Amino acid sequence: MILTLAAVDWLLADSKEQKLNHIKIALIATAFCFIYFVIRSFIFPAPGHEYQLSWNSLINNLISSFPPSKELIFQGVIAQNSYFVFLALLAVNIIVNGRAGIAAALRTSVAAHITVALVALQLLGLATGIGNSIGRIAAILTPIIAIYIIQQALILEGPRAASTRT
C-alpha cells in the first residue's frame, strides 16, 4: 500500500527533489515487502497458511470475487460512509470556492491518497479471500478520513470558523 501511495505522490510531485524522495520511499517499501516475504516464507512460516503468500491463490481469489455479489457491495463498499462524506465535502468545497477549491484539492492530493489506499485495501482483502469482511479491513482508514472530513468542514466554514476557535 505504501508503494502505491508513493507512486501516486510521485505522479503529483512538483520538483525533482520531491520525485527523488518518493522514489526512495518506494524502494524502501519494496525492500520491507521483500523482507516480510522472506520472514514469512523461511524464518517464521505459518504452517497451514502457505496459501497467503501464493501468487496463484491471491490471483484466483481476486478473480473469483468478480462479478461482486450484492453482499460484497453493501458490506465492503457502501459501508465506507466516512469516505463518501469526505468526497461530498470535498465536492461542496470545490463548488463553493470555485477555482480556489479545485487548486486546494489538487495541491493537497489527499483525495487521491485516500482513494488509492481504500482501493488497495479492498483489493488486498479480496485477494486474501476474506470476502464480505473487506469493509472491516478498509475501516482502518476511518480515523484518517475523519481528520480530513474535519479539515474540509473547516475550509467550508472559512474565516468564520477561525474567529470562533480563538
Side-chain angles (χ1 to χ4, degrees), residues 1-33 35-36 58 61-62 65-166:
M1 187 167 66
I2 293 172
L3 182 63
T4 306
L5 294 175
V8 170
D9 268 349
W10 182 81
L11 290 172
L12 298 173
D14 294 331
S15 68
K16 285 185 179 181
E17 184 178 331
Q18 284 180 335
K19 288 186 183 268
L20 184 61
N21 286 338
H22 296 306
I23 290 172
K24 288 177 187 176
I25 291 170
L27 290 174
I28 291 168
T30 303
F32 277 106
C33 286
I35 290 168
Y36 173 77
L58 294 174
N61 285 336
L62 197 57
S65 63
F66 290 100
S69 66
K70 184 174 84 172
E71 292 81 17
L72 181 69
I73 291 171
F74 279 102
Q75 293 176 9
V77 180
I78 297 178
Q80 305 308 317
N81 53 5
S82 61
Y83 174 70
F84 294 116
V85 169
F86 166 71
L87 288 182
L89 275 173
L90 185 66
V92 168
N93 274 332
I94 290 172
I95 292 168
V96 169
N97 295 321
R99 288 185 182 194
I102 294 172
L106 291 175
R107 187 174 51 251
T108 60
S109 73
V110 172
H113 290 128
I114 291 174
T115 302
V116 168
L118 187 63
V119 169
L121 284 171
Q122 298 277 2
L123 290 175
L124 182 64
L126 290 174
T128 56
I130 62 172
N132 298 344
S133 296
I134 59 173
R136 290 186 219 141
I137 300 299
I140 293 169
L141 294 175
T142 300
I144 297 167
I145 295 171
I147 291 169
Y148 290 109
I149 287 173
I150 293 168
Q151 179 191 42
Q152 291 299 316
L154 290 174
I155 291 170
L156 191 58
E157 282 291 312
R160 189 177 75 175
S163 64
T164 57
R165 282 182 272 154
T166 57

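Hydrogens, waters and symmetry mates play no part in the numbers below; they use all other heavy atoms, side chains included. Note that this is a predicted model, so its numbers are computed, not measured.
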Please output the side-chain donor-acceptor pairs of residues 138-145 that fall under 3.5 Å, not counting sequence neighbours, one pair per line with the distance.
unit_1 : atom_1 : unit_2 : atom_2 : d
Thr142 : OG1    : Ala139 : O      : 3.0

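- Between the Gln80 side chain and the Gly135 main chain, a donor and an acceptor come within less than 3.5 Å of each other.
- Rounded to the nearest 0.5 angstrom, Asn93 CG and Leu89 CG are separated by 6.5 Å.
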Going by atom type alone, with no hydrogens or angles, which donor-acceptor pairs under 3.5 Å involve a side-chain atom of residues 116-129 and a protein atom two or more places apart or on another chain?
unit_1 : atom_1 : unit_2 : atom_2 : d
Gln122 : NE2    : Gly76  : O      : 2.7
Thr128 : OG1    : Leu124 : O      : 3.1
Thr128 : OG1    : Gly125 : O      : 3.0

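- When the side chain to side chain donor-acceptor pair (under 3.5 Å) test is applied to Thr115, the partners found at least two apart in sequence or on another chain are Tyr83.
- Other residues, nucleotides and ligands contribute only 12 or fewer heavy atoms inside 6.0 Å of the CZ atom of Phe74.
- Formation of a donor-acceptor pair under 3.5 Å by the Ser69 side chain with backbone atoms of Leu72 is found in this model.
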